[in-house]
Amino acid sequence: MLEKRYEPKDIEKKWYDFWIEKNYFRAEAKSDRPPYCIVIPPPNVTGSLHIGHALDITLQDIMIRWKRMSGFNTLWLPGTDHAGIATQNVVEKELRKQGTDRHTLGREKFIEKVWEWKKLYGGTIINQLKSMGASCDWSRERFTLDEGLSRAVREVFVRLYEEGLIYRGEYLINWCPRCHTALSDLEVEHEDVQGKLYYMKYNFADREGHITVATTRPETYLGDTAVAVNPEDERYKHLIGKMVRLPIINRDIPVIADEFVDSSFGTGAVKVTPAHDPNDFEMGKRHDLQFINILTGDGRMSEEAGPYKGQDRFECRKNVLNDLNEMGQLEKATDHAMSVGHCYRCRTIVEPYLSMQWFVKIKPLAEEAIRAVKDGGVKIIPSTWENSYFDWMENIKDWCISRQIWWGHRIPVWYCEKCGETIVSRETPAVCKCGSVELRQDEDVLDTWFSSALWPFSTLGWPYDTDDLKTFYPTSVLITGFDILFFWVARMMMMGLKFMKEEPFRHVYIHALIRDAEGQKMSKSKGNVVDPLKMTEAFGTDAFRFTLAAYAAQGRDIKFSEQRVEGYRHFLNKIWNVARFISMNIKEGEATDLTIKVRDLSLADRWILSRLSAVCSEVNQSLEEYRFNDAAGILYQFVWHELCDWYVEMIKPELYGENTESKRAALSALLHVFEVSLALLHPFMPFVTEEIWQQLPGKKDTESLCVRKYPSPDEGIGDKDAEAKMSVVMDAIIGIRSIRGELNLSPSLELEALIRTSDNTEEILNDNIAYIQKLARAKGIKTGKDLQPVKNAATAIKPSMEIFVPLEGLFDINAEIGRLNKEKSKIEGDIMFVQKKLQNEDFIKKAPKAVIDENKAKYADYMEKLQSVQNNIDKLVQWGKSDD
RNA sequence: AGGCGCGUAGCUCAGUGGGAGAGCGCUUCCUUGACACGGAAGAGGUCAGGGGUUCGAUACCCCUCGUGCCUACCA
């Protein structure tokens with residue numbers, strides 16, 4: 001017997017341990033069964049589970065469990081990402097607390113520290129994934145910095161280098177002065193800010209007068225090496241080639257002409273700082289200007305900044321403005337909206353910074369990745385994301401992959417101290433070809449996303465030709481949020497196509513972002529984060545998972561509300577209680593046969609089995625199309641309302657009755673439908689379903705629900721006849737209940753009912769009169785085609801019947817007339833609507849025949865209904881008069 | 001600046017070229033032997049606004065307003 005209440009905590013752990021012990025999550029490297037594989041988007045090893053992960057994990061686990069039960073050789077490959085900058089930041093913070101820093105420690109010692117830290121805390125998020133019920137193959141867990149993956153990284157680097165797709169050069173990159181490293185374009189987050197546009201006067205070097213330039217970054221004037229104007233600009237044409245003198249530092253720079261300059265912006269004259277602005281960088285190249293780097297790596301002014309040397313960049317801005325103002329060189333400042341780039345790891349404002357970096361020449365890779373989606377080799381779901389994907393891929397720029405940090409894959413490049421030779425190698429070289437052993441490895445590490453781009457094949461053993469790789473590549477689907485579509489998905493596409501010659505996955509399912517109940521993005525600083533662990537603590541993992549699935553409609557963000565989790569906990573409770581009901585009614589050894597004998601079935605049995613069949617089909621179909629919310633909704637509706645509210649109530653008389661044969665039939669049908677329902681629900685709520693299933697009486701084919709065959713429609717019995725008949729019976733019940741409800745009659749009061757039927761309805765009702773008696777609390781039900789309304793009776797009108805409930809003393813004739821008049825005006829409205837259509841010539845001419853027929857039938861129905869209502873009203877009015 | 005979404009019941013959201021659905025909330029009644037984390041019956045919507053296509057639009061197209069996001073080198 002099940003406990004009175006479901007207590008998730010112990011039960012979750014118990015079953016998770018059981019599944020692990022039984023090795024159910026273990027994939028086979030070689031198998032006759034078809035493969036199904038998902039690689040997890042590896043969470044940052046520094047991370048802890050947030051609600052986005054929870055959604056991600058839940059959806060993946062639903063797919064994996066569904067496919068596992070459906071007979072696939074499923075592999076869900078888990079792991080974590082070394083998250084270079086983020087992890088390094090965390091450990092550096094620790095060091096700071098201990099009063100030291102990585103430079104004091106030195107590179108080797110520091111990396112040791114990070115590994116120590118990883119050993120201590122790196123398992124946190126993995127354990128949290130387990131607590132969510134994730135059925136990953138933990139024997140295959142990987143880490144982006146482990147040995148195998150590092151080998152893959154080197155292999156890829158070397159091959160791209162050899163093909164000329166990786167190069168090194170001095171370019172303007174995004175620099176985070178706090179993290180002290182280059183960032184790729186993607187790692188810069190732009191934010192709109194209200195800034196100022198400063199108008200600065202540059203005097204001519206050799207004559208009176210000045211030219212005014214407008215800038216948002218006055219401090220960079222220290223690195224100016226030209227002033228540019230548009231060659232067509234009449235105001236400035238005569239000045240081209242003249243020299244202006246920069247204030248304070250007194251450097252003379254030329255006025256140049258460049259098409260790029262927009263005459264309508266600012267003064268039409270722009271200061272050119274080639275080492276500190278991407279456009280100016282290009283202009284500097286075009287005009288062979290000097291590149292002066294006025295900054296240091298930590299965002300202070302360099303030697304080149306003359307009197308401002310050593311000042312912080314923002315401090316310097318203030319000082320420059322003050323000084324220029326005092327000198328009368330600052331003309332004015334106006335408000336100016338602009339967008340400023342911030343480091344995605346630490347929110348520091350990034351600098352365009354001139355430095356030597358490694359890049360991937362990306363266009364050739366992107367072309368293949370575009371083609372793969374265009375040709376349908378990869379399907380992005382929902383397809384709206386394809387636009388973003390194409391847009392980004394088509395405008396892609398070379399990828400800066402070197403980072404000036406220590407935690408990561410060190411770039412496999414060595415320089416000979418003696419002859420200057422550059423050696424790019426898979427293995428660490430011992431000696432240069434010049435004979436020197438003085439080799440120095442490049443100091444930089446690779447962008448973390450470089451290694452995660454290889455994830456779908458590096459985790460399966462590449463560059464070795466392993467069985468795993470043969471069996472599971474390409475993987476089946478990638479499930480992730482759109483926020484890493486470019487960072488990760490796009491790059492996996494490029495690398496997968498390049499090195500495996502095949503797409504890394506067949507489907508990409510992009511899910512929504514979870515926001516708070518007000519629609520705000522969750523963030524630690526706003527303090528509006530929902531902690532998934534608190535949710536599982538409060539409501540149980542299953543309720544939380546089911547909520548996430550129910551929320552996961554395609555193409556819309558999720559505004560997360562705790563109330564909804566509560567609602568689905570109630571659903572769990574419902575399931576739990578119906579399980580209790582079943583176990584209370586089945587004695588040990590009774591109804592243990594789960595097979596259904598068709599000839600013993602009642603209408604209710606046939607109906608629920610037919611519905612079960614439809615539900616099996618719909619759930620499978622929904623999952624096939626990644627419509628998680630539909631699948632969850634269908635199951636919720638079926639189990640709660642059809643199974644519990646209708647079916648269980650309908651079979652109670654049989655269960656409590658004396659007839660052992662019909663009791664046995666009802667019980668085995670109930671048990672069967674419930675067992676199949678548990679199986680259907682299992683991918684959504686694995687723990688509670690397993691717990692109940694294990695305690696269910698009856699013989700089972702497997703020792704765990706998670707390896708039971710996922711139900712297909714043939715576990716029910718499609719039966720249109722039963723559904724049609726049932727709908728008639730339900731109408732009768734609902735009709736009587738409505739009268740009870742609307743007239744506020746006590747549920748304990750047994751009502752009489754006369755049901756005037758149309759042609760074939762009478763037989764159906766008579767055959768199933770027990771259901772009506774039970775569910776409508778009715779007695780003495782009379783049916784017949786020619787029954788006449790009786791005095792003091794309330795009326796309900798249904799498609800194939802009229803129901804009269806005699807009320808005698810409880811009857812209020814005026815209230816009833818009011819009820820019927822309300823009904824009447826509703827029907828009249830309906831008639832008007834259909835009539836209008838049918839009288840429209842164009843409608844008759846152009847609408848499909850089926851639609852016309854449908855409307856004609858409706859019209860006839862309405863007219864008949866109207867007639868009934870009118871007759872009843874007339875009778876009531878008449879009786880009312882005669883009573884007076 | 002470009003691109004992509006969204007606007008449907010009080011709230012959160014599904015949905016469809018043929019009279020609008022769910023959950024929560026609300027109202028009324030009910031401790032009927034699984035469940036008050038429950039049961040039954042109800043109320044509640046010009047499907048943002050305007051135009052167009054169509055026999056027919058909440059759905060398809062255009063515009064407006066509101067709102068969110070992504071991408072972008074305009075100093």
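Order of the sequence lines sets the chain letters (A, B, ...), proteins ahead of strands, with each chain counted from 1.
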### Query
Just checking A/His641: base, sugar-phosphate only, or nothing, at a heavy-atom cut-off of under 4.0 Å?
sugar-phosphate

### Task
Using only side-chain N and O atoms of A/Lys858, determine if any of them is under 4.0 Å from OP1 or OP2 of B/G19.
yes

### Query
Taking for each residue the nucleotide of RNA chain B with the nearest heavy atom, is it A/Trp392 or A/Val578 whose nucleotide lies nearer the 5' end?
A/Val578

### Query
Do A/Arg545 and A/Phe684 meet the cation-pi criteria used here (NZ or CZ under 6.0 Å from the six-membered ring centre, within 45° of the axis)?
no

### Task
Look at A/Lys559 and B/C11 and indicate whether a side-chain polar atom (N or O) is within less than 4.0 Å of OP1 or OP2.
no

### Task
State whether A/Lys9 and A/Glu537 are salt-bridged, where the test is any N-O pair (Lys NZ or Arg NE/NH1/NH2 against Asp/Glu carboxylate O) under 4.0 Å.
yes

### Task
Would you confirm whether the ring centroid of A/Tyr568 sits within less than 6.0 angstrom of the ring centroid of A/Phe544?
no

### Message
Under 4.0 Å, heavy atoms only, any strand: does A/Ala553 hit a base, just the sugar-phosphate, or nothing?
### Response
sugar-phosphate

### Message
Can you tell me which nucleotide in B/A34, B/C4, B/A41 comes closest to the side chain of A/Asn387?
### Response
B/C4

### Query
Does B/G42 have OP1 or OP2 sitting under 4.0 Å from an N or O in the side chain of A/Ser738?
yes

### Message
By the 4.0 Å heavy-atom rule, please label A/Ser748 as base, sugar-phosphate, or nothing.
### Response
nothing

### Query
In which stems does RNA chain B show up, taking only runs of three or more Watson-Crick or G-U wobble pairs whose two distances fall under 3.5 Å?
B:1-7 with B:65-71, B:10-13 with B:21-24, B:26-30 with B:38-42, B:48-52 with B:60-64

### Separation of B/C73 C1' from A/Arg217 CZ (nearest whole Å)
14 Å

### Message
Considering every strand and a 4.0 Å limit on heavy-atom distances, what is the contact class for A/Lys4: base, sugar-phosphate, or nothing?
### Response
sugar-phosphate

### Query
Looking at B/A34, B/G39, B/A75, which one has an atom nearest to any side-chain atom of A/Met338?
B/A75

### Task
Please state the C1' separation for the pair B/G49 and B/A57 - nearest whole angstrom.
15 Å

### Query
If you measure from the C1' atom in B/U54 to the same atom in B/C70, how many Å do you get, rounded?
35 Å

### Query
In whole Å, what separates the C1' atom of B/A14 from that of B/A22?
7 Å

### Query
What nucleic acid atoms does A/Lys397 come within less than 4.0 Å of, heavy atoms only: base, sugar-phosphate, or nothing?
sugar-phosphate

### Interatomic distance, A/Asn174 CG vs B/C73 P [rounded to whole Å]
9 Å

### Nearest-0.5 Å distance, CE of residue A/Met535 to CZ of residue A/Phe560
5.5 Å

### Task
Would you kindly give the CD-to-P distance between A/Gln839 and B/G56, to the nearest whole Å?
16 Å

### Query
Is there a donor and acceptor pair closer than 3.5 Å between the side chain of A/Lys574 and the base of B/C35?
yes

### Message
On the nucleotide B/C74, are OP1 or OP2 found under 4.0 Å from the side-chain N or O atoms that A/His336 carries?
### Response
no

#### Entry: Out of B/C55, B/G19, B/C74, whichever nucleotide has its closest atom nearest the side chain of A/Phe265
B/C74

#### Entry: Between A/Tyr509 and A/Phe628, ring centroids under 6.0 Å
yes

### Query
Quick one: do A/Arg819 and A/Glu742 make a salt bridge, cutoff under 4.0 Å?
yes

### Query
In terms of side-chain geometry, is the basic nitrogen of A/Glu219 or A/Arg217 positioned less than 4.0 Å from the acidic oxygen of its partner?
yes

### Query
What is the nucleic acid contact for A/Ser388, judged by heavy atoms within less than 4.0 Å: base, sugar-phosphate only, or nothing?
nothing

## Note on the structure
When rounded to whole Å, the CE to P distance for the pair A/Met650 and B/A40 reads 13 Å

#### Entry: Interatomic distance where CG belongs to A/Asn744 and C1' belongs to B/C29 [whole Å]
5 Å

### Task
Applying side-chain hydrogen bond (donor to acceptor under 3.5 Å, both in side chains) between A/Thr212 and each of A/Glu331, A/Lys332, A/Lys201, report the one that passes.
A/Glu331

### Query
For B/C35, does OP1 or OP2 lie under 4.0 Å from any side-chain N or O of A/His570?
no

### Query
Would you say A/Trp399's side chain and A/Asp185's backbone share a donor-acceptor pair under 3.5 angstrom?
no

#### Entry: Nearest to side-chain heavy atoms of A/Arg737, which nucleotide of B/G39, B/A40, B/A72
B/A40

### Message
If stacking means aromatic ring centre less than 5.5 angstrom from the base's six-membered ring centre, planes under 30°, is A/Phe843 stacked on B/G56?
### Response
no

### Selection from B/G18, B/A14, B/C69 that lies nearest to any side-chain heavy atom of A/Lys837
B/G18

### Task
For A/Asn840, report the nucleic acid contact type (base, sugar-phosphate, nothing); a contact means any heavy atom under 4.0 Å.
sugar-phosphate

### Message
Of the listed nucleotides (B/G19, B/C74, B/C55), which one gets closest to any side-chain atom of A/Asp842?
### Response
B/C55

### Task
Using a 4.0 Å heavy-atom cut-off across all strands, classify A/Tyr636 as base, sugar-phosphate, or nothing.
sugar-phosphate

### Task
Could you check whether A/Asp645 gets within reach of a base, just the sugar-phosphate, or nothing at all, counting any heavy atom under 4.0 Å?
sugar-phosphate

### Query
With a non-hydrogen cut-off below 4.0 angstrom, is A/Trp646 in contact with a base, only sugar-phosphate, or nothing?
nothing

### Query
For A/Pro352, which contact category applies under a 4.0 Å heavy-atom criterion: base, sugar-phosphate, or nothing?
nothing

### Query
What are the two closest non-hydrogen atoms of A/Ile586 and A/Pro697, and how far apart are they?
CG2-CG, 3.9 Å

### Query
What distance, rounded to whole Å, do you find between the two P atoms, one in B/C62 and one in B/G10?
30 Å

### Message
Please pick, from B/C24, B/C29, B/G19, the nucleotide with the shortest atom-to-atom distance to any side-chain atom of A/Gln563.
### Response
B/C24

#### Entry: Sidechain N-carboxylate O distance under 4.0 Å for A/Lys826, A/Glu823
no

### Message
Heavy atoms only, 4.0 Å cut-off, all strands: where does A/Tyr656 land among base, sugar-phosphate and nothing?
### Response
base

### Message
Using atom C1' in both nucleotides, what's the gap between B/G39 and B/A48 to the nearest angstrom?
### Response
38 Å

### Query
Aromatic ring centroids of A/His336 and A/Tyr198 under 6.0 Å?
no

### Task
Specify the separation, in whole Å, of atom NZ of A/Lys849 and atom P of B/G56.
22 Å

### Message
Counting only side-chain heavy atoms from C-beta out, which of B/A34, B/A75, B/A72 sits nearest to A/Thr216?
### Response
B/A75

### Task
Could you measure between the two P atoms, the one in B/U27 and the one in B/G3, and give it in whole Å?
49 Å

### Task
Determine the interatomic distance between C1' on B/A59 and the same-named atom on B/G68; round to the nearest Å.
22 Å

### Query
Does a nitrogen or oxygen in the side chain of A/Trp576 sit under 4.0 Å from OP1 or OP2 of B/G38?
no

### Query
Is any N or O donor-acceptor pair between the side chain of A/Glu649 and the base of B/A34 shorter than 3.5 Å?
yes

### Message
Closest approach to the side chain of A/Pro747, judged atom by atom: which nucleotide of B/A75, B/C30, B/C69 is it?
### Response
B/C30

### Closest listed nucleotide, where the reference is the side chain of A/Phe833 and the choices are B/G19, B/C55, B/A34
B/G19

### Query
Considering heavy-atom distances to RNA chain B, does A/Ile734 or A/Ala579 have its closest nucleotide positioned more toward the 5' end?
A/Ala579

### Query
If we take the C1' atom in both B/U46 and B/G19, what is their distance in whole Å?
14 Å

